[in-house]
Student: 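Attaching a single structure in structure tokens format; questions to follow.
A, B, ... follow the sequence lines: proteins, then strands. Residue 1 opens every chain.
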2 protein chains.
Amino acid sequence: MVQMMGAKQTLYDSFAEVAKAVAHGYRLQLLEHLAQGDRAVEDLANRTGITVANASQHLQHLYRAGLVTVRREGTRRIYRLNSGVVELLAALRSVAEAHHAGSQQVIRAYFAARDSLEPVSHDELMARLAEGSVTLIDVRPADEFQQGHLAGARNVPLAEIEAAVARLDPEIEIVAYCRGPRCVLSFDAIERLRARGFKARRLAEGYPEWKAAGLPTGQSDIASIP
Amino acid sequence: MVQMMGAKQTLYDSFAEVAKAVAHGYRLQLLEHLAQGDRAVEDLANRTGITVANASQHLQHLYRAGLVTVRREGTRRIYRLNSGVVELLAALRSVAEAHHAGSQQVIRAYFAARDSLEPVSHDELMARLAEGSVTLIDVRPADEFQQGHLAGARNVPLAEIEAAVARLDPEIEIVAYCRGPRCVLSFDAIERLRARGFKARRLAEGYPEWKAAGLPTGQSDIASIP
DNA sequence: CCATGATTCAATTGAACTATTGATTAGTGA
DNA sequence: TCACTAATCAATAGTTCAATTGAATCATGG
């Protein structure tokens with residue numbers, strides 16, 4: 001790599017810099033949280049369980065690579081995902097799940113029994129929502145729901161699902177979604193709902209993918225940053 | 001990263017391993033060449049200008065990440081791109097060109113004057129080919145053309161373009177393409193053709209993207225491996 | 001079965017990356 | 001202005017990664 005650096009070489013190196021930014025477990029986690037909505041450094045650090053200083057440096061790495069932007073809001077800095085990043089992560093996940101042995105192994109270990117919950121596609125959900133034949137629930141925490149959610153969804157955080165069961169119509173099929181295709185919240189929700197006799201399925205993707213596809217979303221008008 | 005490693009953590013780490021594989025200039029170059037067709041190690045080393053031993057190790061890195069597969073053919077090993085990788089690279093390029101300062105700078109430096117050559121889209125090319133109103137030329141070297149090319153294309157390697165000019169109809173507009181959206185071959189071809197009074201434009205993408213989109217391709221029945 | 005060509009392997013060196021620590025900057029409100 | 005909170009910065013040590021070199025495989029053809 002220490003060479004004369006022709007045009008080609010430098011362009012590939014530049015693209016590689018962007019790839020390096022997504023080539024770390026913590027940064028992928030940060031990006032997944034940012035895909036749910038804008039977030040401050042400390043908030044992200046708490047959600048991911050890494051120290052503030054470390055999160056700060058990883059976020060700056062993402063910033064230099066052009067994956068996020070920052071704005072100040074009083075004493076905190078709010079990071080936001082750039083356009084195209086959700087698609088990049090989707091392409092990465094797709095290749096990993098299709099061909100990478102390590103990823104397949106982890107998925108088999110943690111999602112094996114659950115893959116029988118045949119998921120619902122975007123198109124199918126749109127059609128069923130139009131005819132009013134499903135109840136759509138968002139099982140993410142309330143603050144994430146408030147920052148943005150699928151149009152027509154009802155927030156039922158996983159923690160409160162047992163209590164909410166009483167208010168759900170057992171005759172109507174339930175579709176649950178959460179942060180993304182490999183987020184465990186909705187897997188758990190489906191299992192619990194089925195255990196109570198509900199007909200429940202899982203949306204194949206999460207809120208970020210739905211939004212990136214340009215499908216209808218809603219947003220609560222409550223203060224966006226917790 | 002040295003932690004208890006929950007399900008989430010290990011899955012993100014796994015995805016990060018795949019991302020690491022594309023996070024190197026040489027490996028991106030190798031992937032671009034593999035996107036043109038299957039290639040042996042030495043061949044790739046020659047095309048990219050890196051040593052055989054180094055290329056071998058990078059290719060094994062790509063293999064472990066699930067981006068390529070290998071088969072033996074006599075004494076050589078032929079590497080092949082896995083499905084979905086072209087899309088991953090396209091997503092990476094898209095984010096880099098939209099938001100990464102370094103990439104934008106390189107592109108401005110090397111492609112600035114050339115971006116005025118307003119490119120042709122897949123759809124537009126399909127339509128124009130159907131009505132027979134363009135001559136489509138593939139300006140890659142002959143061996144790459146043989147391994148696969150757009151249906152209806154004529155091979156005019158960049159090196160022979162001056163000689164081929166005589167055989168082209170000056171009344172019909174020319175569309176040129178090569179290895180990908182940032183491959184310089186077709187930029188050069190357009191410039192030379194225009195200098196000779198031809199009406200010439202560039203296909204926005206290259207052969208790999210066309211093929212990945214499922215559009216019609218052709219292949220010469222000559223020995224595939226040089 | 002030996003020589004050859006293609007590729008991989010193993011060991012080494014230097015460079016780059018990551019997490020941690022403690023100090024520092026920057027805004028906010030009393 | 002002072003204390004307080006949020007975030008970044010700077011230095012460090014441990015770890016991983018990359019390129020080079022030369023030796024070792026492994027299939028092929030005489």
Side-chain angles (χ1 to χ4, degrees), chain A residues 1-5 9 12-14 16-30 33-34 38-65 68-80 102 225-226, chain B residues 1-5 9 12-14 16-30 33-34 38-65 68-80 102 225-226:
Chain A
M1 189 96 335
V2 187
Q3 282 189 329
M4 279 190 293
M5 290 278 176
Q9 188 57 66
Y12 285 118
D13 285 347
S14 293
E17 278 180 39
V18 180
K20 276 200 190 82
V22 286
H24 191 283
Y26 283 167
R27 290 195 290 270
L28 287 175
Q29 264 189 89
L30 291 169
H33 282 288
L34 285 169
D38 300 359
R39 297 259 181 282
V41 178
E42 193 177 21
D43 184 31
L44 287 165
N46 292 336
R47 288 177 195 266
T48 54
I50 64 187
T51 67
V52 172
N54 200 5
S56 172
Q57 298 194 163
H58 281 301
L59 287 165
Q60 286 173 62
H61 195 154
L62 293 173
Y63 175 77
R64 286 191 298 271
V68 301
T69 48
V70 212
R71 67 173 191 276
R72 315 191 74 118
E73 222 168 71
T75 160
R76 49 192 121 192
R77 299 195 189 189
I78 313 295
Y79 282 84
R80 162 174 292 178
I225 303 301
Chain B
M1 190 95 337
V2 188
Q3 281 191 328
M4 281 189 293
M5 288 277 177
Q9 187 58 67
Y12 285 118
D13 285 348
S14 293
E17 278 180 38
V18 180
K20 277 201 189 84
V22 284
H24 191 284
Y26 283 166
R27 290 195 290 269
L28 286 175
Q29 265 188 89
L30 290 169
H33 282 289
L34 284 170
D38 301 357
R39 299 259 181 282
V41 178
E42 193 177 21
D43 184 31
L44 286 165
N46 292 336
R47 288 177 196 266
T48 54
I50 65 188
T51 67
V52 172
N54 200 6
S56 172
Q57 299 195 162
H58 282 301
L59 287 166
Q60 285 172 63
H61 195 154
L62 293 172
Y63 175 77
R64 285 191 299 271
V68 300
T69 48
V70 212
R71 68 173 189 276
R72 316 192 73 119
E73 223 168 72
T75 160
R76 51 191 120 191
R77 299 194 189 191
I78 312 296
Y79 282 84
R80 161 174 294 179
I225 304 299

Student: Can you check the B:Leu59 CG to C:dT7 P distance for me, whole Å?
Tutor: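 In whole Å, C:dT7 P and B:Leu59 CG are 10 Å from each other.
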Student: Taking OH from B:Tyr63 and C1' from C:dT8, how many angstroms apart are they, rounded to a whole number?
Tutor: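 Those two atoms, OH and C1', are 14 Å apart.
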Student: Scan side-chain atoms only and decide if A:His58 and A:Arg27 contain a donor-acceptor pair under the 3.5 Å cut-off.
Tutor: yes
Student: Establish, with yes or no, whether the OP1 or OP2 oxygen of D:dT8 is under 4.0 angstrom from a side-chain nitrogen or oxygen of A:His58.
Tutor: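 No, no such contact exists.
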Student: Side chain of A:Arg27, heavy atoms from C-beta onward: which of D:dT8, C:dT18, D:dA19 has the nearest atom to it?
Tutor: C:dT18
Student: Report all interatomic pairs (protein N or O, nucleotide N or O of nucleotides 21-30 of chain C) with separations under 3.5 Å.
Tutor:
none

Student: Figure out the CG/C1' separation between B:Leu44 and C:dA6, and round it to whole Å.
Tutor: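 Those two atoms, CG and C1', are 13 Å apart.
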Student: Taking OP1 and OP2 of D:dC17, is either one under 4.0 Å from a side-chain nitrogen or oxygen of B:His61?
Tutor: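 So the side-chain polar atoms of B:His61 never come under 4.0 Å of the phosphate oxygens OP1 or OP2 of D:dC17.
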Student: Can you identify which nucleotide, out of D:dA6, D:dT8, C:dT7, has its nearest atom closest to the A:Tyr79 side chain?
Tutor: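 Of the options given, the side chain of A:Tyr79 lies nearest D:dT8.
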Student: Starting from P on C:dT18, measure out to CD1 on A:Ile50 and report it in whole angstrom.
Tutor: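 For the pair A:Ile50 CD1 and C:dT18 P, the rounded distance is 12 Å.
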Student: How close or far is atom P of D:dT15 from atom NZ of B:Lys20, stated in whole angstroms?
Tutor: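 It is 16 Å, rounded to the nearest whole Å.
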Student: Check the distance between C:dT18's C1' and A:Leu62's CG and give it to me in whole angstrom.
Tutor: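 Interatomic distance, CG of A:Leu62 to C1' of C:dT18: 14 Å.
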Student: Sequence neighbours excluded, which residues qualify as side chain to side chain donor-acceptor pair (under 3.5 Å) partners of B:Gln57?
Tutor: none
Student: Sequence neighbours left out, what passes side-chain contact (heavy atoms from CB on, under 4.5 Å) with B:Thr75? Give chain and number order.
Tutor: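 Once residues adjacent in sequence are excluded, B:Thr75 has no partner under the side-chain contact (heavy atoms from CB on, under 4.5 Å) criterion.
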Student: Could I get the full list of side-chain contact (heavy atoms from CB on, under 4.5 Å) partners for A:Ala21, not counting sequence neighbours?
Tutor: A:His61, A:Leu62, A:Ala65, A:Leu67
Student: Any ion pair linking A:Asp43 and A:Arg76 (charged N to carboxylate O, less than 4.0 Å)?
Tutor: no
Student: Rounded to whole Å, please give me the gap between CG in B:Asp13 and P in C:dT18.
Tutor: 12 Å
Student: Dot-bracket notation for DNA chain C is requested: 5' to 3', Watson-Crick or G-U wobble pairs only, both distances under 3.5 Å, with ( ), [ ], | and . as defined.
Tutor: ||||||||||||||||||||||||||||||
Student: Could you tell me which non-hydrogen atom of B:Ala23 sits nearest to which non-hydrogen atom of A:Ala19, and how far apart they are?
Tutor: CA-CB, 3.6 Å
Student: Quick one: pull up CZ in B:Arg77 and CG in B:Leu44 and give me the separation to the nearest 0.5 Å.
Tutor: 14.0 Å
Student: Which residues pass the salt bridge (charged side-chain N to carboxylate O under 4.0 Å, His left out) test with A:Arg64, sequence neighbours left out?
Tutor: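 With neighbours one apart ignored, the set is empty.
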Student: Find the distance A:Gln60:CD to D:dA6:P and express it as a whole number of Å.
Tutor: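 Taking CD of A:Gln60 and P of D:dA6, I get 17 Å after rounding.
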Student: Is any side-chain nitrogen or oxygen of B:Ser56 closer than 4.0 Å to OP1 or OP2 of C:dT7?
Tutor: no
Student: Got a sec, which residues hit side chain to side chain donor-acceptor pair (under 3.5 Å) with A:Glu42, two or more places apart in sequence or on another chain?
Tutor: none
Student: In terms of side-chain heavy atoms of A:Arg76, which of D:dA6, D:dC17, C:dA6 is nearest?
Tutor: D:dA6
